[in-house]
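What follows is a short report on a single structure.
Hydrogens, waters and symmetry mates are skipped; everything else that's a heavy atom, side chains included, is used. Atoms within each ligand, like the ligands themselves, are counted from 1 in listed order.
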Amino acid sequence: MARLGMLIDLSACVGCAACAVACKMENQVPAGANRLWIREREVGVFPDLTVEFRPEQCNHCENPPCVPVCPTGASYQTQDGLVQVDYNKCIACGACIAACPYDARYIDKKGGYADKCTFCSHRVAKGQQPACVETCPTYARIFGDLDDPNSEISKTLEAAGRQDVLRPDMGTRPKVIYLNAPSKKGLTQEVMES
Ligand code: SF4
Ligand code: SF4
């Protein structure tokens with residue numbers, strides 16, 4: 001059993017969206033939907049001005065509100081801590097979309113089910129890295145087992161300075177963890193819709 005998660009080092013991310021494009025291609029994400037996107041915000045004022053490039057996707061929350069609201073059991077959590085959708089059980093009611101504070105899910109209209117980032121579980125099962133990790137030109141992303149103290153992700157997390165997750169107030173315990181946010185105040189805020 002693992003506790004799979006991802007680190008995204010914001011001091012390395014340049015917002016090139018290579019990860020988002022790789023995801024789109026790898027997972028054949030339909031037009032108009034995204035499993036991964038980049039938010040860009042200015043932080044501070046001149047002369048202390050910087051930009052936060054922040055990739056966002058499903059956080060594979062440890063306490064995912066998208067799971068208990070699902071009336072069919074299609075939205076579920078694996079033993080390795082992935083939050084997934086069983087397409088055969090999904091009735092596309094959208095309850096999970098309403099429950100996710102991160103806007104991570106969409107309805108795949110052609111398939112007739114809810115979908116989102118899977119942490120590329122089909123690749124991970126073959127011993128490969130998620131497409132977004134493999135394609136990142138600045139090596140801003142690290143994927144792995146947060147419970148394995150010898151994993152790269154655990155070692156990097158232990159050595160890291162600033163660590164943040166999105167909307168910690170929601171109690172979802174995200175497993176996409178942002179390192180080295182450019183603002184001393186942490187991640188830039190936004191109005192979240194749920
Ligand atoms: S980010 Fe949203 S879809 Fe992903 S596990 Fe958390 S609540 Fe569920
Ligand atoms: S859209 Fe599918 S996965 Fe989401 S709550 Fe409804 S049945 Fe469950």
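Taking backbone and side chain together, Cys96 holds no N, O or S atom under 2.8 Å from atom 8 (Fe) of ligand 1. The distance from atom 6 (Fe) of ligand 1 to the nearest N/O/S atom of Cys61 is under 2.8 Å. Residue Cys58 counts as close to atom 4 (Fe) of ligand 1, with an N, O or S atom under 2.8 Å.
With hydrogens and angles ignored, the 3.5 Å screen pairs a side-chain donor or acceptor of Arg54 with a backbone N or O of Thr188.
Comment: Arg123 engages Glu134 in a salt bridge, judged by a side-chain N to carboxylate O separation of less than 4.0 angstrom. Taking 4.0 Å as the cut-off between side-chain N and carboxylate O, Asp80 and Arg3 do not count as a salt-bridged pair. Using a 4.0 Å cut-off between charged nitrogen and carboxylate oxygen, Arg167 and Asp169 count as a salt-bridge pair.
Around atom CD of Gln128, more than 12 heavy atoms belonging to other residues, nucleotides or ligands sit under 6.0 Å away. Crowding of Glu42 atom CD: a count of heavy atoms from other residues, nucleotides or ligands under 6.0 Å not exceeding 12.
Proximity to Val83 (heavy-atom distance under 4.0 Å) selects the following atoms of ligand 1: 5 (S). Of all atoms in ligand 1, numbered sequentially from 1 with element shown, those under 4.0 Å from a heavy atom of Tyr102 are 1 (S). Listed by number with element, the atoms of ligand 1 under 4.0 Å from a non-hydrogen atom of Cys100 are 1 (S), 2 (Fe), 3 (S), 7 (S). Taking every non-hydrogen atom of Pro65 and a distance limit under 4.0 Å, the qualifying atoms of ligand 1 come out as 7 (S). Within ligand 1, the atoms closer than 4.0 Å to a non-hydrogen atom of Lys116 are 3 (S), numbered from 1 in the order shown. Each of the following atoms of ligand 1 lies closer than 4.0 Å to a heavy atom of Arg105: 3 (S).
Following chains of ILVMFWY side-chain contacts shorter than 4.5 Å, one can reach Ile142 starting from Val165, so the two form part of one hydrophobic cluster.
Atom 8 (Fe) of ligand 1 has its nearest heavy-atom neighbour, among Ala114, Cys66, Ser75, in Cys66.
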